[in-house]
Amino acid sequence: MLSSQIKIYRLLLLSLMIGCAGSPDSTAPSSLSHDSLAAAHDTILPPLVEEKGSKMIDTLPTTTLSYIGVIEDFYFVDNKEVYVVLYFKKDSLTYEDWKEAKNWGDSLIYGDDENERTRIPLTVANANFDMRGLDSLSIFDEDNAFICQADFVRVEYLNQNISSYFIAVFETEKRLSSGPHYGIGNMLKSPEPGDFKVFKNSTLTQKLTEEFEISQEYIGSAFKGLHILLPQTGDTLSVINSDMYAYILHATADTTNLCFKSNEPENFGAFIVIPIYKNQLPLILTVSYLPESDMMWNKLLAFDGAHYQMKEHQRVTW
């Protein structure tokens, strides 16, 4: 069965095919106020710590929980705002659910010919989205260097020509440089010092694909295989894309074990190895996609002692 996140993207694809998601007029309620970008800060919510007293923020289950996700930038706006994609609390969404959700907005934050950002009231967001651990984010680059803090601003519906999302928006202390970044909310464990060595080795990749019968005959992904040397143990993690699935193999001095295979069609277009350890192996944050499509999503993987498991809604408990 496809994950709820992939189902959402398929709903988006359907809405694009029938012309519902691409047109600003079809998604914005007629009552929306058309604020200019310069006035967007009028909609910034008070700090979450002030809102908790009025029970507007859903933070009760976060005492041992952290959020970890890829940081996205508004390429069409020159400011310090970034965002992460939100998960619905409801596990299974219909197309009618999605159409209703697109009308939850109360004011237009930004609009141009290709992009539209609509504010979602926080009370509505708390009722429908998983907001745990999103009070603020600690931002890191792909080398796991701390960059800055980011404060929660608002929840929005981001409507674009290609794809649309519900997002949590943050304002960073400084502009982020180009390149991948990730954010940790409610950071109960910090990334540990130590550089991962990521390398290509076609001989090793070929050996593993033959040993574990991983087909690469028609693969068209960004990479066939990448390998990560772990500084703490000298072990190696090998990340390999097949024609339709992604694999992770863990090699020690004595054995090599398959510790992850996608349970649905998926390739990794990119990934970040995060030096926060569960059962002696680091977390892995992926940028995944459906082969031969434009459907993309993020996935947080943690080792359970035998296998890497997808963490629901990109939350990990300690």
Side-chain angles (χ1 to χ4, degrees), residues 1-9 48-49 51-52 55-72 82-93 120 122 125-140 144 146 149-156 165-170 180-192 246 248 259-260 262-264 266 268 271-288 296-318:
M1 180 178 291
L2 291 176
S3 70
S4 60
Q5 193 173 16
I6 297 180
K7 289 179 182 177
I8 290 172
Y9 286 115
L48 292 182
V49 66
E51 296 289 337
K52 289 177 184 175
K55 300 183 179 180
M56 291 183 65
I57 305 301
D58 182 10
T59 58
L60 290 178
T62 65
T63 52
T64 61
L65 174 149
S66 298
Y67 166 84
I68 302 178
V70 174
I71 299 296
E72 305 286 355
V82 297
Y83 67 90
V84 299
V85 177
L86 289 173
Y87 288 85
F88 282 82
K89 289 182 177 180
K90 187 176 181 179
D91 290 333
S92 180
L93 288 177
I120 305 295
L122 189 56
N126 276 327
N128 293 279
F129 300 110
D130 190 345
M131 301 292 292
R132 296 172 299 164
L134 296 181
D135 296 43
S136 64
L137 297 178
S138 299
I139 308 295
F140 298 82
N144 299 295
F146 174 74
Q149 289 295 126
D151 294 325
F152 176 83
V153 176
R154 70 182 78 84
V155 171
E156 297 180 11
Y165 311 94
F166 290 93
I167 60 175
V169 179
F170 298 81
H181 292 80
Y182 67 92
I184 303 179
N186 196 35
M187 190 169 66
L188 300 174
K189 288 192 177 182
S190 303
E192 299 180 13
I248 301 176
C259 56
F260 175 83
S262 308
N263 58 10
E264 55 200 17
E266 171 189 36
F268 294 159
F271 63 90
I272 300 174
V273 184
I274 301 173
I276 300 176
Y277 292 80
K278 288 278 284 186
N279 298 298
Q280 301 182 329
L281 286 183
L283 300 178
I284 297 177
L285 185 61
T286 78
V287 178
S288 301
M296 300 183 68
W297 63 94
N298 301 136
K299 178 179 289 186
L300 179 65
L301 301 174
F303 192 62
D304 66 2
H307 299 92
Y308 270 98
Q309 303 286 356
M310 183 182 73
K311 305 307 293 182
E312 186 179 18
H313 296 184
Q314 294 176 230
R315 268 75 175 184
V316 59
T317 55
W318 307 105

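This structure is a prediction, so every number in the text was calculated from the model and none was measured.
Counting heavy atoms from C-beta on, the side chains of Glu192 and Tyr277 come closer than 4.5 Å. Side-chain atoms of Val84 and Ile71, non-hydrogen and from C-beta on, do get closer than 4.5 Å to each other. Side-chain contact between Gln149 and Phe146 is present, with at least one heavy-atom pair separated by less than 4.5 Å. Contact annotation: the side chain of Ser136 approaches that of Asp151 to within less than 4.5 Å [non-hydrogen atoms, C-beta and beyond]. Counting only heavy atoms from C-beta outward, the side chains of Pro275 and Pro282 never approach each other to under 4.5 Å. Using a 4.5 Å heavy-atom threshold, the side chains of Phe268 and Ile248 count as touching.
Side-chain atoms of Lys89 never come within 3.5 Å of backbone atoms of Met131 as a donor-acceptor pair (strictly under, hydrogens ignored). With Thr64 contributing its side chain and Thr317 its backbone, the two residues share no donor-acceptor pair below 3.5 Å. Of the possible donor and acceptor atoms, one in the side chain of Arg315 sits under 3.5 Å from a partner among the backbone N and O of Asp130. Asn144 places a side-chain N or O within 3.5 Å of a backbone atom of Val273 that can act as its donor or acceptor partner.
The heavy-atom pair separating Ala306 from Cys259 by the smallest distance is O-CB, 3.7 Å. Taking every heavy atom of both residues into account, Lys189 and Met187 meet most closely at O-CG, 3.2 Å. Closest heavy-atom contact between Leu285 and Gly69: CD2-C, 3.7 Å. The two residues Phe152 and Leu134 make their nearest non-hydrogen contact at CB-O, 3.6 Å. When all heavy atoms are compared, the tightest approach of Val287 to Met296 is CG1-CE, 3.4 Å. When all heavy atoms are compared, the tightest approach of Val85 to Ile167 is CA-CG2, 4.3 Å.
Aromatic ring orientation, Tyr182 versus Phe140: parallel (interplanar angle below 30°, classes split at 30° and 60°).
Within the model, atoms CE of Met310 and CD of Glu266 stand 9.0 Å from one another, a figure rounded to the nearest 0.5 Å.
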For this session: Evaluate ring pair (Phe, Tyr, Trp, His ring centres under 6.0 Å) for Phe88 paired with Phe129, printing each intermediate quantity in order.
Result: CA-CA 4 Å; Phe88 282 82; Phe129 300 110; 4.8 Å; yes
Exercise. Would Asn128 and Lys90 satisfy side chain to side chain contact (heavy atoms under 4.5 Å, CB included), going step by step from the backbone distance to the final call?
Worked result: CA-CA 7 Å; Asn128 293 279; Lys90 187 176 181 179; over 6 Å; no
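Side-chain contact annotation: Gln314 with Tyr87, donor-acceptor N/O pair under 3.5 Å present.
Applying the side chain to side chain contact (heavy atoms under 4.5 Å, CB included) test between Trp318 and each of Ile276, Leu65, Asn186 identifies Ile276 as the sole match.
Taking a 6.0 Å sphere around CD of Gln280, one finds it holds 12 or fewer heavy atoms contributed by other residues, nucleotides or ligands.
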